[in-house]
Amino acid sequence: MIKTATFAVVHFSVAFTVTYLLTGSWVLGGVIALTEPAVNTVAYFFHEKAWEWVNRRREHATRHPAEGSMT
């Protein structure tokens, strides 16, 4: 849990710093630093779902190699 918490602090700090350096705005840096991890979390959820779908298709193809062949 400590590793997760420290990574969250690093992630927030990087997002804030990059945005601040690009824009010079403390407010925008804070908004982006709070918003980006939330959006990234949702994107990660869908990324994992997509990989689950890919793995299911691969497993199905491995178990049923004759399906889809023209014999």
Item to check | Test salt bridge (Lys or Arg N to Asp or Glu O under 4.0 Å) applied to Glu48 - qualifying residues, sequence neighbours left out | outcome: none

Checklist entry - Quick check: does any side chain N or O of Asn55 sit under 3.5 Å from a backbone N or O of Trp51, one acting as donor and the other as acceptor? => result yes

Item to check | For the student: nearest non-hydrogen atoms of Ala33 and Ala15, plus distance | outcome: CA-CB, 3.8 Å

Next on the checklist: Once rounded to the nearest 0.5 Å, what's the spacing between atom NE2 of His11 and atom OG1 of Thr41?
Outcome noted: 8.0 Å

Checklist outcome for this item: Of Leu21, Thr19, Val14, the one forming a side-chain contact (heavy atoms from CB on, under 4.5 Å) with Thr17 is Leu21

Item to check | Reported OG1-to-CG distance for the pair Thr35 and Asn40, which is rounded to 0.5 angstrom | outcome: 12.0 Å

Checklist entry - Are there more than 12 heavy atoms of other residues, nucleotides or ligands under 6.0 Å from atom CZ of Arg63? => result yes

Checklist entry - Do Leu34 and Phe16 have side chains that get closer than 4.5 Å, going by heavy atoms? => result no

Checklist entry - Honestly curious: do Phe12 and Val9 fall in one hydrophobic cluster under the side-chain, below-4.5 Å linking rule? => result no

Checklist entry - Would you call Glu52-Lys49 a salt bridge at under 4.0 Å N-O? => result yes

